[in-house]
Amino acid sequence: MEAFNPMQYNITSVVSETMPIATVPVLLLIGFLFLMWTCEEATTIPGPGYCMGIGPLISHWRFLWMGIGSACNYYNKMYGEFMRVWINGEETLIISKSSGMFHVMKYGHYTSRFGSKLGLKCVGMHENGIIFNNNPELWKEIRPFFTKALSGPGLVRMLSICVDSTAEHLNQLTESAPKPEYFNSLNLMRRIMLDTSNRLFLGIPLDENKVVLKIQNYFDAWQALLLKPDIYFKISWLYKKYEKSAKDLKEVIEILIEKKRQELFKLEKLEDHMDFASQLIFAQSRGDLTGEMVNQCVLEMLIAAPDTLSVTLFFMLVLIAEHPQVEKEMMKEIEAVMGDRDIQSEDIPKLKVVENFILESMRYQPVVDLVMRKALQDDVIDGYPVKKGTNIILNIGRIHKLEFFPKPNEFSLDNFEKNVPHRYFQPFGFGPRGCVGKFIAMVMMKAILVTFLRRCSIRTLKDQGLNHIPKNNDLSMHPDESQPLLQMLFVPRNNVSNNHHGE
Ligand code: HEM
């Protein structure tokens with residue numbers, strides 16, 4: 001009777017009497033497994049288990065250890081093309097399905113990105129500039145300045161700026177080395193990108209080599225700090241080097257902007273000088289923007305092309321050297337369309353082979369593999385519930401190799417032979433937060449590539465190929481500067497006139 005009276009109940013004595021000691025750990029284990037199961041049940045999206053917080057720790061650590069791109073590919077291979085991990089304890093979806101990508105890019109409630117607040121602060125991007133400005137209100141105010149500068153008359157002017165700058169840089173090369181010799185082609189591309197961006201957006205003379213180096217260091221810092229946990233920023237010597245890289249570039253840009261201010265002050269007629277930097281400076285004097293915002297926007301406009309286009313064009317030069325048949329086809333088209341003169345605006349739509357080559361290069365060897373966004377409201381993507389605040393990584397590099405294309409793992413112009421539906425190929429993203437420079441980027445790539453090809457043929461060091469570049473698959477793919485593949489030989493084509501714009 002005692003055993004049935006709860007008030008008299010002595011638990012230890014009852015347990016030891018009614019079941020053997022060994023069942024206690026078994027019960028505990030069952031309870032633990034039940035806990036794990038209920039945590040996993042909370043979301044139906046595939047992914048590693050929560051496992052009392054160990055899952056989030058491991059997945060964040062994997063991102064830090066492998067780099068964002070490689071970690072995304074690892075998880076997609078392991079759990080499928082729509083899966084969930086944690087970064088900094090926050091639920092993060094990795095999507096490599098065109099349907100999910102299309103949804104996220106299209107809708108206005110995914111117009112924010114994510115990243116470590118302290119890391120972004122360190123490089124000056126936290127609620128500042130455009131690229132990783134995660135304050136939707138501030139971002140909305142700043143984006144029109146970029147849209148305006150990168151379209152309309154600016155876009156038209158960029159074509160001749162690119163032709164002139166490429167020709168000048170190639171001339172400098174031949175002057176400094178009368179006999180063709182191998183040199184760092186990526187560095188050359190970076191200098192051309194910085195020069196063209198500066199001519200259109202700022203217009204203040206600068207030391208190309210010095211600034212290119214500072215841009216590279218800034219990019220490394222941004223990439224290194226983007227996902228670091230807050231605890232990392234408690235130890236100053238760990239991030240000091242990156243902080244310095246960011247500060248170095250910021251200082252150079254501040255000096256250039258100050259020079260620009262003084263020039264604008266001296267001008268009598270402003271109409272012809274209303275470039276991107278001037279628009280921002282005037283917005284600051286009207287009280288619409290802070291000085292910090294102006295500096296960061298100019299900095300981001302000057303790093304955008306050297307960080308993306310230069311690497312993309314470098315990959316294209318390697319692909320040309322590896323595929324002489326494709327080079328021949330492009331040369332045939334260039335000669336048919338332009339004859340003996342440089343490229344002009346009306347030639348652009350006629351250069352179909354060149355365009356397909358550019359698109360296929362970006363598909364096969366992309367510089368930007370990933371797009372990072374945040375859900376600003378609850379939603380459903382591909383049938384899965386997505387909570388407000390969820391981080392989203394669109395693994396676009398993977399999508400471009402999984403769906404639609406007839407030869408997904410080969411470099412082949414056949415992949416663009418037929419019209420590619422919009423939803424299967426988005427190297428620049430699209431929609432309200434898509435790449436604001438996508439149209440100008442296409443014009444720049446065509447102008448620079450055609451100018452290059454008309455003047456010289458390209459040789460890489462023997463036995464080297466794109467597959468030999470270690471895939472530093474991160475925020476964007478920047479090859480190691482010591483790679484022998486960077487060294488290229490530009491052999492002048494004899495029949496090229498030095499006539500700019502057919503003069
Ligand atoms: C091959 C060249 C380029 C590639 C592959 C590329 C790719 C991208 C991608 C994938 C994004 C993120 C889009 C998204 O979230 O949906 C982006 C954003 C951006 N790109 Fe590009 N880009 C290139 C060149 C350029 C150039 C030349 C500029 C300007 C001169 C530029 C300016 C920007 C800016 C400012 C953003 C941030 C836009 C925002 O957050 O509102 N890009 N780019």
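Whatever order the structure lists them in is the order used to number ligands and atoms, beginning at 1. Residue numbers run from 1 in the order of the sequence given.
Close contacts of ligand 1 with T308, meaning ligand atoms under 4.0 Å from a residue heavy atom, involve 2 (C), 3 (C), 23 (C), 24 (C), 25 (C). Distances below 4.0 Å separate heavy atoms of A304 from the following atoms of ligand 1: 28 (C), 29 (C), 30 (C), 31 (C), 32 (C). Of all atoms in ligand 1, listed by their number and element, those nearer than 4.0 Å to a heavy atom of L150 are 29 (C), 30 (C).
Residue R373 has at least one N or O atom closer than 3.5 Å to an N or O atom of ligand 1.
Geometrically, K401 engages Y364 in a cation-pi contact, judged by NZ or CZ lying under 6.0 Å from the ring centre and within 45° of the ring axis. Both tests do not hold together for R363 against F425: distance to the six-membered ring centre under 6.0 Å, angle to the ring axis within 45°.
Relative ring orientation between F416 and F405 is described as tilted, the plane-to-plane angle lying within the 30° to 60° band.
Using a 4.0 Å cut-off between heavy atoms, V368 contacts ligand 1 through its side chain alone, with no backbone atom that close. At a 4.0 Å heavy-atom cut-off, ligand 1 touches R143 through the side chain alone. Proximity of P427 to ligand 1, defined as any heavy-atom pair under 4.0 Å, is confined to the backbone N, CA, C and O atoms. Under 4.0 Å from ligand 1, the heavy atoms of W139 that appear belong solely to its side chain.
For the pair R113 and ligand 1, a heavy-atom separation below 4.0 Å is found.
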